[in-house]
Enquirer: 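Let me give you the structure first, and then I'll get to my questions.
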Amino acid sequence: MIDVRLLRNDPAVVRAALARRGKPDLLEQLEHAISLDARLRDIMLERDALRQQVNGLSKEVGALRKAGDTAAEEVMAKSRALGDAETGLAAETEQVELALRDVLLRIPNLPHPDAPNGASDHDNPLVSGPHHLPTQFADHQKVPHWEIGAALGILDNERAVKISGAMFTMQRGLGATLSRALCQYALDSNADEFEEVRPPTLVTSATLTATGQLPKFADDAFFIERDDLWCIPTAEVPLTSLYAGEVLNEAQLPAKMMAYSPCYRREAGSAGRDTRGMLRSHEFDKVEILAVATPEQSPDLLQEMVKRAEKLISGLGLPYRIIEICTGDMGQSHHRSFDIEVYAPGCDAWLEVSSVSWFADYQARRADIRFKRGTQKGTEIAHTLNGSALAVPRVWAAIMENNRQADGSVRIPDVLLPYMRGTTHIVPKSE
RNA sequence: GGAACGGUGGCAGAGCGGCCGAAUGCACCUGUCUUGAAAACAGGAGACCUGCAAGGGUCCGCAGGUUCAAAUCCUGCUCGUUCCGCCA
């Protein structure tokens, strides 16, 4: 959520910042929020004045009663009348409050001043790279991973579909081992600074609202109606809410955490896209890194987290590049955001394998994560940042295609060897 | 799933419908004392909204209800503990 007070005191700044996202209807929502806020403060003032009177009268009644004064009855009647008026105003206040909250929850975050302007993903500037990109690929590398996986007997999507329906994948044998190896690798590489967490993967609506998926993007998530729980689309969701509703001490920040989790996505808007192979599916594995921080710590943390994600991809020896997300392509909650893309010669495509973002106080305000500076009075809203350390399926696919040898085998990147039980190459099953 | 009990400030823990934003202890902060600290003593100190401020309002798990007045009474929910049942 954006800060209502900023909207109230400096609407021009908010308008200008949101205008950069290039969605005209946003500005209408802003005006709506501004007028609701003004109205809310008016009636709250009225309501509080009434409450003050009622409170005062009630005290009087108490005193009169004690003194045995019959005037108490009169005062009670007066108070009752005021109380009725207060009830009406209170109901209205509540209504306006809810309406305002609903509008605010749907307004996206303000882009960082340094975030590049742009209308769509075509305008995302290149930050670094391409790295490790050979001048040309051999023919044996220009085979899509779904063909490689099938030939090696390590990808069995047909049976995944039999079990669970379209857009589910299944890895078998060394394919499954490779998936797990990637997770281990990502976790081990960040264990120096990040606490490993194994969070719940079913969460409440409140939790899913904190990170920004609700109320606007309910269609993108799996919902278990009977128990009123949602399947997480990323470990960002439970990790962000880990400190929800708490006041942290400044000394606890930055709190750095990481988690492996399955991720569940309905992919409602993309039916039919990327249906082959492992580029898009309803369930996949990911290792996420996340930090809760002070505003001052955040810029450096953002850079650090991009570096960490880059190091993982680079360590695998895959061709990659880093781009920055422009204002028109930014996600709802993002303040500033970088993507790492890996080139897959079989698909002939740059695949987004990691996204590192700074949310400023947008998520923390929704989640009510605050911190206290030293012995200073009062609290401040914290900042949150997170990034995929490693999203398994697309990296898995890129390894298949980039590392395919002339003999049809796939070479395991060196950094994964410790997790592969001695396997250096995945070779076709000889039958 | 069934039953019993419970949810009060950073923690522990009192609280007759009005004198309760809430005793007390610990922890914390500031002073006095001390070379410094500890101890002792004195004082201070919650969060949120609104307001330039003074002030006002809200918050005792959550939501309703009763009442002139609710931490306190009633209802529903939720979470926790324990016991039973079930179970990897």
Side-chain angles (χ1 to χ4, degrees), chain A residues 1-11 33-105 198-210 224-230 238 241-253 255 262 361 364-382:
Chain A
M1 241 180 331
I2 58 168
D3 186 356
V4 213
R5 269 172 289 194
L6 181 64
L7 183 59
R8 185 185 303 154
N9 300 330
D10 226 335
I34 290 172
S35 70
L36 280 175
D37 177 56
R39 168 98 189 108
L40 179 63
R41 276 182 305 148
D42 281 351
I43 54 180
M44 269 174 70
L45 222 62
E46 261 184 83
R47 182 200 60 183
D48 287 355
L50 275 176
R51 283 184 174 173
Q52 185 188 359
Q53 293 183 54
V54 172
N55 288 344
L57 289 176
S58 291
K59 285 216 165 113
E60 249 181 78
V61 172
L64 289 172
R65 273 273 176 83
K66 215 170 200 172
D69 196 324
T70 47
E73 293 299 324
E74 247 173 81
V75 182
M76 275 163 67
K78 218 161 114 190
S79 175
R80 198 176 300 137
L82 283 174
D84 288 344
E86 191 271 346
T87 306
L89 266 180
E92 196 182 346
T93 307
E94 213 167 299
Q95 248 178 5
V96 177
E97 240 168 1
L98 278 175
L100 175 61
R101 183 175 161 79
D102 188 65
V103 176
L104 285 175
L105 281 176
R198 177 41 252 235
T201 55
L202 299 182
V203 299
T204 62
S205 298
T207 299
L208 201 65
T209 303
I224 299 164
E225 193 170 3
R226 181 185 164 121
D227 296 293
D228 198 20
L229 290 168
W230 302 79
S241 283
L242 198 133
Y243 290 121
E246 300 189 28
V247 179
L248 301 170
N249 201 298
E250 188 182 14
Q252 291 173 265
L253 303 179
D361 59 7
R365 180 170 292 106
R366 288 165 163 250
D368 188 26
I369 306 168
R370 291 172 292 159
F371 73 97
K372 206 182 181 82
R373 288 186 198 271
T375 56
Q376 246 179 57
K377 220 174 135 61
T379 58
E380 274 179 61
I381 312 270

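Please read these numbers as outputs of a predicted model, since none were measured by experiment. Quick note on labels: first sequence line is chain A, next is B, and so on, each numbered from 1.
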Enquirer: For B:A69, take OP1 and OP2 only and decide whether either is under 4.0 Å from a side-chain N or O of A:Ser79.
Expert: no
Enquirer: How far does the C1' atom of B:A63 sit from the matching atom of B:U78, given to the nearest Å?
Expert: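 Each nucleotide's C1' atom is 10 Å from the other's.
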Enquirer: Measuring only the P atom in each nucleotide, how far is B:C68 from B:C83? A whole number of Å is fine.
Expert: 46 Å
Enquirer: Does a nitrogen or oxygen in the side chain of A:Arg51 sit under 4.0 Å from OP1 or OP2 of B:G57?
Expert: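 Checking A:Arg51 against B:G57: no side-chain N or O falls below 4.0 Å of OP1 or OP2.
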Enquirer: Rounded to whole Å, how long is the line connecting atom CG of A:Asn249 with atom C1' of B:G10?
Expert: 10 Å
Enquirer: Taking atom P of B:A47 as reference, at what distance in whole Å does atom CZ of A:Arg365 sit?
Expert: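 Going from A:Arg365 (CZ) to B:A47 (P), I get 18 Å.
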Enquirer: If you measure from the Lys or Arg side-chain nitrogens to the Asp or Glu carboxylate oxygens, is any gap between A:Asp37 and A:Arg39 under 4.0 Å?
Expert: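 Salt bridge absent between A:Asp37 and A:Arg39.
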Enquirer: Quick check on RNA chain B: between A:Arg370 and A:Gln52, whose nearest nucleotide comes earlier from the 5' end?
Expert: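 Nearest-nucleotide comparison on RNA chain B picks A:Arg370.
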Enquirer: Using atom P in both nucleotides, what's the gap between B:U72 and B:G21 to the nearest angstrom?
Expert: 13 Å
Enquirer: Determine whether A:Leu64 and A:Val75 make a side-chain contact, defined as any pair of heavy atoms from C-beta on separated by less than 4.5 Å.
Expert: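 A side-chain contact under 4.5 Å exists here.
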Enquirer: Is A:Gln53 reaching over with its side chain to a backbone N or O of A:Leu50, donor-acceptor style, under 3.5 angstrom?
Expert: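 Side chain of A:Gln53 to backbone of A:Leu50, a donor-acceptor pair under 3.5 Å: no, none is there.
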Enquirer: Of the residues in residues 85-92 of chain A, which ones touch RNA chain B at a heavy-atom distance under 4.0 Å?
Expert: none
Enquirer: For B:G65 versus B:G9, give the span between their P atoms, rounded off to a whole number of Å.
Expert: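 Straight-line distance between the two P atoms is 25 Å.
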Enquirer: For A:Leu100 and B:C49, give me the distance from atom CG to atom P, rounded to whole Å.
Expert: 13 Å
Enquirer: Provide the distance between the two C1' atoms, one in B:A23 and one in B:C5, to the nearest whole Å.
Expert: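 One C1' to the other, the span is 25 Å.
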Enquirer: So A:Lys372 and A:Leu248, do their side chains get closer than 4.5 Å, heavy atoms only?
Expert: no
Enquirer: Between B:G57 atom P and A:Gln53 atom CD, what is the distance in whole Å?
Expert: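 Answer to the nearest Å: 11 Å.
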Enquirer: Is there a donor-acceptor pair under 3.5 Å between the side chain of A:Asp10 and the backbone N or O of A:Leu6?
Expert: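 Not at all, since once roles are kept as given, no pair shorter than 3.5 Å links the two residues.
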Enquirer: Take the protein atom CG of A:Asp368 and the nucleotide atom C1' of B:G61, then report the distance between them rounded to whole Å.
Expert: 15 Å
Enquirer: For A:Arg365 and A:Ile2, work out which heavy atoms get closest and say how close.
Expert: NH1-C, 3.5 Å
Enquirer: Determine whether A:Arg370 and A:Asp368 satisfy the following criterion, salt bridge (charged side-chain N to carboxylate O under 4.0 Å, His left out), listing intermediate values before the conclusion.
Expert: CA-CA 6 Å; A:Arg370 291 172 292 159; A:Asp368 188 26; 3.1 Å; yes
Enquirer: Roughly how many Å apart are B:A69 and B:C16, using the C1' atom of each and rounding to a whole number?
Expert: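 To the nearest whole Å, 15 Å.
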Enquirer: Are A:Pro262 and A:Thr201 side-chain neighbours, meaning at least one heavy-atom pair lies under 4.5 Å?
Expert: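 In short, these two side chains touch, coming nearer than 4.5 Å.
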Enquirer: Report yes if some heavy atom in the side chain of A:Leu229 is under 4.5 Å from a heavy atom in the side chain of A:Val203; otherwise report no.
Expert: no
Enquirer: Just to confirm, is there a sub-4.0 Å distance from OP1 or OP2 of B:A47 to any side-chain nitrogen or oxygen of A:Lys372?
Expert: yes
Enquirer: Starting at CZ of A:Phe371 and ending at P of B:A47, how long is that distance when rounded to a whole Å?
Expert: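 Taking CZ of A:Phe371 and P of B:A47, I get 14 Å after rounding.
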Enquirer: My understanding is that a pair needs two contacts under 3.5 Å, Watson-Crick or G-U wobble. By that rule, which nucleotide pairs with B:G10?
Expert: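 Per the H-bond distance test, B:C26.
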Enquirer: When rounded to the nearest Å, what value does the distance between P atoms of B:A45 and B:U30 take?
Expert: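 Approximately 15 Å lies between the P atom of B:A45 and that of B:U30.
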Enquirer: I'd like to know if A:Glu86 pairs up with A:Arg51 as an ion pair, taking the criterion as any Lys NZ or Arg NE/NH1/NH2 lying under 4.0 Å from an Asp or Glu carboxylate oxygen.
Expert: yes
Enquirer: Any strand counts, and the cut-off is 3.5 Å on both contacts for Watson-Crick or G-U wobble. Which nucleotide pairs with B:C83?
Expert: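 With both distances under 3.5 Å, B:C83 matches B:G2.
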Enquirer: Considering residues, nucleotides and ligands other than A:Arg41, do more than 12 of their heavy atoms fall under 6.0 Å from its CZ?
Expert: yes
Enquirer: Which one is paired to B:U35, where only Watson-Crick or G-U wobble pairs with both distances under 3.5 angstrom count?
Expert: none
Enquirer: Heavy atoms only, 4.0 Å cut-off, all strands: where does A:Glu97 land among base, sugar-phosphate and nothing?
Expert: nothing
Enquirer: For B:A70, which nucleotide is its Watson-Crick or G-U wobble mate, given both distances must be under 3.5 Å?
Expert: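 B:A70 is paired with nothing.
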Enquirer: What's the CG-P distance between A:Leu50 and B:A69, to the nearest Å?
Expert: 13 Å
Enquirer: What are the residues of residues 38-49 of chain A, sorted by number, that bring a heavy atom to within less than 4.0 Å of RNA chain B?
Expert: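 Here the set is A:Arg41, A:Met44, A:Leu45, A:Asp48.
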Enquirer: What is the base-pairing partner of B:C52, counting Watson-Crick and G-U wobble geometry with both distances under 3.5 Å?
Expert: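 None - no nucleotide pairs with B:C52, as no candidate has both distances under 3.5 Å.
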Enquirer: Where do N or O atoms of nucleotides 17-23 of chain B meet protein N or O atoms at under 3.5 Å, pair by pair?
Expert:
from	atom 1	to	atom 2	distance (Å)
B:G18	O6	A:Arg65	NH1	3.0
B:G18	N2	A:Ser58	O	2.7

Enquirer: Measure the shortest side-chain to side-chain distance between A:Ile369 and A:Glu246 over non-hydrogen atoms and say whether it is less than 4.5 angstrom.
Expert: no
Enquirer: Rounded to whole angstrom units, what separation is found between the CG atom of A:Leu248 and the P atom of B:A47?
Expert: 15 Å
Enquirer: Quick one: look up who B:G21 pairs with, Watson-Crick or G-U, both distances under 3.5 Å, and put none if it's unpaired.
Expert: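 Pairing partner: none.
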Enquirer: Determine the interatomic distance between C1' on B:A70 and the same-named atom on B:C60; round to the nearest Å.
Expert: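 Between the two C1' atoms, the distance is 11 Å.
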Enquirer: Which nucleotide, in any strand shown, forms a Watson-Crick or G-U wobble pair with B:C60, with both distances under 3.5 Å?
Expert: none
Enquirer: Do A:Met1 and A:Leu105 have side chains that approach each other closer than 4.5 Å (heavy atoms only, starting at C-beta)?
Expert: yes
Enquirer: Should A:Ser205 and A:Asp228 count as side-chain neighbours, where that means a heavy-atom distance under 4.5 Å?
Expert: yes
Enquirer: Just compare B:C68, B:G51, B:G46 and give me whichever is closest to any side-chain atom of A:Arg8.
Expert: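 The closest nucleotide is B:G51.
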Enquirer: Can you check whether A:Asn55 has a side-chain N or O nearer than 4.0 Å to OP1 or OP2 of B:A69?
Expert: no
